[in-house]
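Counting from 1, the numbers follow the sequence of the chain as shown.
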Amino acid sequence: MAESRRYISQEELGKHNKRGDLWVSIQGKIYDVTDWAKDHPGGEPPLLNLSGQDATDAFVAYHPGTAYQYLDKFFTGYYLQDYSVSEVSKDYRKLVSEFSQMGLFDKKGHVTLYTLTAIAMLFVVSVYGILCSDSMWVHLGCGALMGVLWIQSGWIGHDSGHYKVMSSTGFNRFAQVLSGNCLAGISIAWWKWNHNAHHIACNSLDFDPDLQHMPFFVVSSKFFNSLTSYFYDRKLNFDSASRFLVSYQHWSFYPVMCFARINLFAQSFMLLLSKRRVANRGQEVLGILVFWIWYPFLVSCLPNWGERIMFVIISFSVTGIQHVQFCLNHFSSNVYVGHPSGNEWCDKQTKGTLDITCPSWMDWFHGGLQFQIEHHLFPRLPRCQLRKVSPMVQELCKKHNLPYNSASFWKANEMTIGTLRTAALQARDLANPVPKNMVWEAFNTHG
């Protein structure tokens, strides 16, 4: 029977890598996922990014073993010629199998219960403080608590997008919409669309949306060539305005992060109002409307405009801590230009991520993302299991000479600012530099 198999070369497979013609190889079998792309729970970008190549490691990372039974309907009848598995992929897939046998993908602990309870308490205290106290300081403290609430709801939204945090799919969906749309005003559909693309194309300058923050930030001088974003399907123009903002990005980073939430609101609206296909659009829109009813109403209950403005600024600024955390894991790590490679899954994920070292009692603060390498290699692992598997991941990296980079929270901030400063100074050295004035000279005098 083996002789009757039909084979295609890697070169032939590579031709099926565009919208309307998407083929992938999984364990040497060729699948046509063209029609499935629009219904894929992880969105279209992962299939677009990995089409025309072997995607086995990414498939293993994102799908349980039961998913294989659904592949047959996409099988083309072709097999990949000269298909082979690297040693690092063999060990990686072995670890996935071991974690599955240990039940680590299913043992979620009580993290979700504790987090939802904390969110409920923070919400009640914040509302009570605003409605039942006349103290300005209490009101501003409630703004800070609201920011902490949004951080914790963000961790729930993140987890629920990678695995079921609740007992059923329906309850999981409820947790997503509640924590993301209703409480935070951020569309969970937008987050999944964006975040899955980030995971697949980790730190690819032209494919990873988490590095595409023009005109405010760039992490590499390669952006000066006005790269094309394959996620947003547009050119990222490095014009004079961008160059001016980038020139000061190491100074503006933290102030911008205080209001980064505004961008997430805008991105959510842009997706939900677009013609792009959005699953459960009605639920998404309803959840966003819930947020834009209760939050403005709560702010309006404050006694004057001064307190209202300060409440919003404080709640946004505290949540900015989470936006900084998202940047620390990737901004100072290795970046590249080009298409993500399915055959280099472990290499790309480890090179593009940075772990944050912290004691176990601080895990709540980082929401599991302090184990960023572990999370990127095994995105379905509940956050309560990441510390447990960390030694095994370090062994995998050591055996195959893969980077395992980690730093303290403060060191990671220093590294991130260093990366931004380097790119900022490079931007100033381009031809036709930004006109220098006395303020520019004050900021840029060294020695």
Would you confirm whether [X], through its side chain, and [Y], through its main-chain N or O, come within 3.5 Å as a donor-acceptor pair?
X	Y	result
Asn181	Ile188	yes
Asn196	Lys192	yes
Gln176	Ser160	yes
Thr34	Leu22	yes
Asp355	Ile373	yes
Ser274	Leu271	yes
Asn203	Asn334	yes
Asn225	Leu227	no

Check the angle between the aromatic planes of [X] and [Y] and answer parallel, tilted or perpendicular using the 30° and 60° thresholds.
X	Y	result
His158	Trp155	perpendicular
Trp292	Phe265	perpendicular
Phe326	His323	perpendicular

Give a yes or no on this: more than 12 heavy atoms of other residues, nucleotides or ligands lie within 6.0 Å of atom [atom1] of [X].
X	atom1	answer
Asp35	CG	no
Met392	CE	yes
Tyr230	OH	no
Tyr68	OH	yes
Lys235	NZ	no
Phe297	CZ	no
Phe174	CZ	no
Met362	CE	yes

So that I know where these two stand, are [X] and [Y] an aromatic pair - ring centroids less than 6.0 Å apart?
X	Y	value
Phe224	Phe238	yes
Phe365	Phe409	yes
His375	Phe371	no
Phe217	Phe223	no
Trp150	Tyr295	yes

* Derivation and outcome, ring pair (Phe, Tyr, Trp, His ring centres under 6.0 Å), residues Phe378 and Tyr92 -> CA-CA 10 Å; Phe378 308 97; Tyr92 170 70; 5.2 Å; yes
Nearest 0.5 Å please: distance from the [atom1] atom of [X] over to the [atom2] atom of [Y].
X	Y	atom1	atom2	value
Leu377	Leu386	CG	CG	10.5 Å
Phe253	His213	CZ	NE2	9.0 Å
Ser252	Met257	OG	CE	8.5 Å

So which heavy atom on [X] is nearest to which on [Y], and how close?
X	Y	value
Ile156	Thr115	CG1-CG2, 3.5 Å
Leu183	Trp294	O-CZ2, 3.4 Å
Gly52	Gln10	O-NE2, 3.2 Å
Gly43	Pro46	O-CD, 3.4 Å
Ile30	Phe75	O-CD1, 3.3 Å

* Does a side-chain heavy-atom distance below 4.5 Å link Arg308 with Val312? -> no
* Would you mind reporting whether Gln81 and Ser9 have side-chain heavy atoms less than 4.5 Å apart? => yes
Sidechain N-carboxylate O distance under 4.0 Å for [X], [Y]:
X	Y	value
Asp239	Arg243	no
Lys398	Glu395	no
Arg173	Glu284	yes
Arg277	Asp39	yes

Under 6.0 Å from the six-membered ring centre of [Y] and within 45° of its axis: does the NZ or CZ of [X] meet both?
X	Y	result
Arg234	Tyr232	yes
Arg6	Tyr78	yes
Lys73	Trp36	yes
Lys108	Tyr163	no

* Option from Arg19, Lys38, Arg276 for which side chain to side chain donor-acceptor pair (under 3.5 Å) with Glu44 holds ->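 Of Arg19, Lys38, Arg276, side chain to side chain donor-acceptor pair (under 3.5 Å) with Glu44 is met by Arg19 alone.
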* **Of Gln372, Gln370, His366, the residue whose pairing with Gln325 passes side chain to side chain donor-acceptor pair (under 3.5 Å)** =>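 The side chain to side chain donor-acceptor pair (under 3.5 Å) with Gln325 is passed solely by His366 among Gln372, Gln370, His366.
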